[in-house]
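If you're wondering where the values come from, they're calculated on a predicted model, not measured in any experiment. Atoms considered below: every heavy atom in the structure, side chains included; atoms not considered: hydrogens, waters and symmetry mates. Count residues from 1 along the sequence.
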Amino acid sequence: MKENSWQKFPVLFSLYIAQSIPMSFFSTVVPVIMRQQNYSLEAIGLLQLIKLPWIIKFLWAPLIDKRANSKSRLRLWIFTSELFYAAIILSIGMFSLETDFKLIIILMVFAFVASATQDIATDAFAIVLLKPSERSLGNSMQSAGSFMGTLVGTGVLLIAYYYFGWELLLVLLASFVMVALIPLLLYRGKVTIDRKAKLTVSFRDLGGFFKIPGIVKRILILSFFYSGIVGSLAMMKPFMVDLDYSVKEIGFFSGIIGTSTATLAALASGFIIKKLGRRASAIMFVIFTIIAAVYFFQLAFYIPSTFQMIAGICLLWGAYGLSTVVIYTTSMDIVRPGREGTDFTIQIVITHLSSLILVVLSGKIGDMAGYKGIFGMGLLLSIITLLIVYVFMPKTRLNESI
């Protein structure tokens, strides 16, 4: 690694944490505030619509790929979308949840569109910025930034709300988003962009992604990689409620300890991948997921102590932190020149959609077979994932793209 190449990592960390903190605040803290103001569960459920832009963001990814045909234009996309994001956050603070709920929902959707656009441009920037041997560490910054943003957005900002109030808190949030752009503004490192490839980008590239040789195997890996984790993560809080843990305890154990563990695991994951390579690390991380799944499955047969519960939370969040980095790293490897944002976004959306399906399925299994069924399904899917990764993930030399 050349001298000063480390500077690109703080740039990526700041960009990813800037998008993550407001997202976490709007999707997890705002529902708490709404419930305290006696909003119906139906209205709170409606809030989940703000996440829709992140599910369909692949639809406008080719536009960004085509227009971002130079370093300056790619930076401009990031700056513009981030500033628009901050402006909407600031405007939301001018309205009241009590009297302007529908307008705030609409503004939140626009904020998430801006955030999703920034994410596409930032992912494309990261891919052209990082060498294949640097991608594992770069994605450690991405994942750690996201987890740290979740920790701040769901924990610290909820506390800050009680001290500063709605309007001032949104001003601080918008200010932070703008301040997070400073490392990118100061960065002067080289970025290599294939301009010829950019000229031929079109919306047909959305379908073209699925014609990449070996892509069926890749889609299979993407669809299953989180399968042993997401169901247990989604049902862990209800599990703790049924074990008579208080909301405060659940928030601290899962939101603070769990997310902190995921952040540390994400940071460690980059170094592990750099040392062992993509395939070996992926296999090792799935084995770690199996250990976490086994642990939670056996917890369902008795009432665990608080220490045992915390250990399980750390195992599960740790597995998730490790997994995200290897998925992001290998997804960066499978992109066509000029179509970095499109191809990376499609792959991540596949993981989101498959996770959403599995979470819904976990709820149905839980109604029929209880937590033993939920955690048992997680264990079975983890074992299936290990077989899929072992058979279908390509063997490569150390630190090379796959």
Side-chain angles (χ1 to χ4, degrees), residues 1 9 12 123 126-144 146 209-230 262 264-294 315-337 340 343-352 354-355 358 378-402:
M1 195 177 294
F9 299 116
L12 295 176
D123 289 337
I127 292 168
V128 297
L129 179 67
L130 299 168
K131 300 174 184 176
S133 60
E134 297 173 331
R135 286 175 181 167
S136 60
L137 299 181
N139 282 293
S140 279
M141 295 298 104
Q142 173 180 356
S143 297
S146 296
F209 169 80
F210 298 95
K211 297 178 182 178
I212 297 175
I215 200 62
V216 174
K217 295 178 182 178
R218 177 62 184 170
I219 291 173
L220 199 60
I221 291 171
L222 291 170
S223 299
F224 274 88
F225 206 84
Y226 294 123
S227 63
I229 305 173
V230 290
L264 295 175
L267 290 172
S269 182
F271 292 97
I272 294 170
I273 295 169
K274 186 172 178 61
K275 181 71 174 176
L276 301 182
R278 270 72 156 161
R279 185 174 185 271
S281 298
I283 292 172
M284 186 174 79
F285 297 162
V286 176
I287 291 173
F288 192 90
T289 298
I290 292 174
I291 293 171
V294 169
L315 276 174
L316 202 58
W317 276 102
Y320 189 49
L322 293 170
S323 298
T324 54
V325 179
V326 77
I327 282 295
Y328 291 157
T329 302
T330 54
S331 293
M332 281 188 176
D333 294 333
I334 306 178
V335 295
R336 294 163 293 170
E340 294 86 4
D343 291 355
F344 185 85
T345 299
I346 290 173
Q347 292 179 77
I348 302 307
V349 167
I350 289 171
T351 65
H352 290 333
S354 61
S355 296
L358 285 168
L379 175 56
L380 177 61
L381 289 172
S382 297
I383 295 170
I384 293 173
T385 302
L386 179 61
L387 294 174
I388 290 172
V389 170
Y390 184 82
V391 173
F392 293 126
M393 182 165 277
K395 298 178 181 179
T396 56
R397 292 194 295 273
L398 195 65
N399 293 337
E400 288 189 353
S401 60
I402 63 178

Fill in: Side chain Gln347, main chain Ile334, donor-acceptor under 3.5 Å
yes
Item to complete: Test Leu358 against Tyr226 for side-chain contact (heavy atoms from CB on, under 4.5 Å), laying out the working first.
Response: CA-CA 9 Å; Leu358 285 168; Tyr226 294 123; over 6 Å; no
Practice prompt. Kindly write out the residues that satisfy side-chain contact (heavy atoms from CB on, under 4.5 Å) with Thr289, not counting sequence neighbours, or none if the list is empty.
Written response: Ile229, Ala319, Ser323, Ser382
Fill in: Closest contact, heavy atoms only, Gly138 versus Leu130
CA-CD1, 3.8 Å
Item to complete: For Ile348, enumerate each residue passing the side-chain contact (heavy atoms from CB on, under 4.5 Å) test, keeping only those at least two apart in sequence or located in another chain.
Response: Ile327, Tyr328, Ser331, Phe344, Thr351, His352
Item to complete: Could you walk me through whether Arg135 and Thr330 pass side-chain contact (heavy atoms from CB on, under 4.5 Å), step by step?
Response: CA-CA 9 Å; Arg135 286 175 181 167; Thr330 54; over 6 Å; no
Discussion item. What's the separation between atom CZ in Arg279 and atom CD1 in Ile283, rounded to the nearest 0.5 Å?
Written reply: 4.0 Å
Check: residues 386-393 side-chain donor-acceptor pairs under 3.5 Å, at least two apart:
none

Worksheet entry | Shortest non-hydrogen contact between Phe224 and Thr385, atoms and distance | O-OG1, 2.9 Å
Worksheet entry | With sequence neighbours excluded, residues passing side chain to side chain donor-acceptor pair (under 3.5 Å) with Thr324 | Ser143
Fill in: Residues that Asp343 engages under salt bridge (charged side-chain N to carboxylate O under 4.0 Å, His left out), provided they are two or more places apart
Arg336
Discussion item. Which heavy atom of Ser140 sits nearest to which heavy atom of Ser269, and what is that distance?
Written reply: OG-C, 4.1 Å
Worksheet item: Any idea which heavy atoms bring Arg278 and Pro132 closest together, and the distance?
Response: NH2-O, 3.0 Å
Item to complete: Mind checking side-chain contact (heavy atoms from CB on, under 4.5 Å) for Ser354 and listing every partner two or more places apart, or none if nothing turns up?
Response: Ser223
Worksheet item: Roughly how far apart are Gln142 CD and Thr329 OG1, rounded to 0.5 Å?
Response: 8.5 Å
Discussion item. Nearest 0.5 Å, please: how far is CZ in Arg218 from CG in Asp333?
Written reply: 8.0 Å
Worksheet item: In Å, rounded to the nearest 0.5 Å, how long is the span from CG of Leu322 to CG of Leu264?
Response: 10.5 Å
Item to complete: Could you give me the CA-CA distance, side-chain angles and deciding distance for Ile290 and Val294, then say whether side-chain contact (heavy atoms from CB on, under 4.5 Å) is met?
Response: CA-CA 6 Å; Ile290 292 174; Val294 169; 4.2 Å; yes
Item to complete: Working to the nearest 0.5 Å, report the span between CD1 of Ile272 and CE of Met284.
Response: 4.0 Å
Worksheet, complete the sentence: dist Ser136:OG -> Met141:CE (nearest 0.5 Å) comes out at 10.0 Å
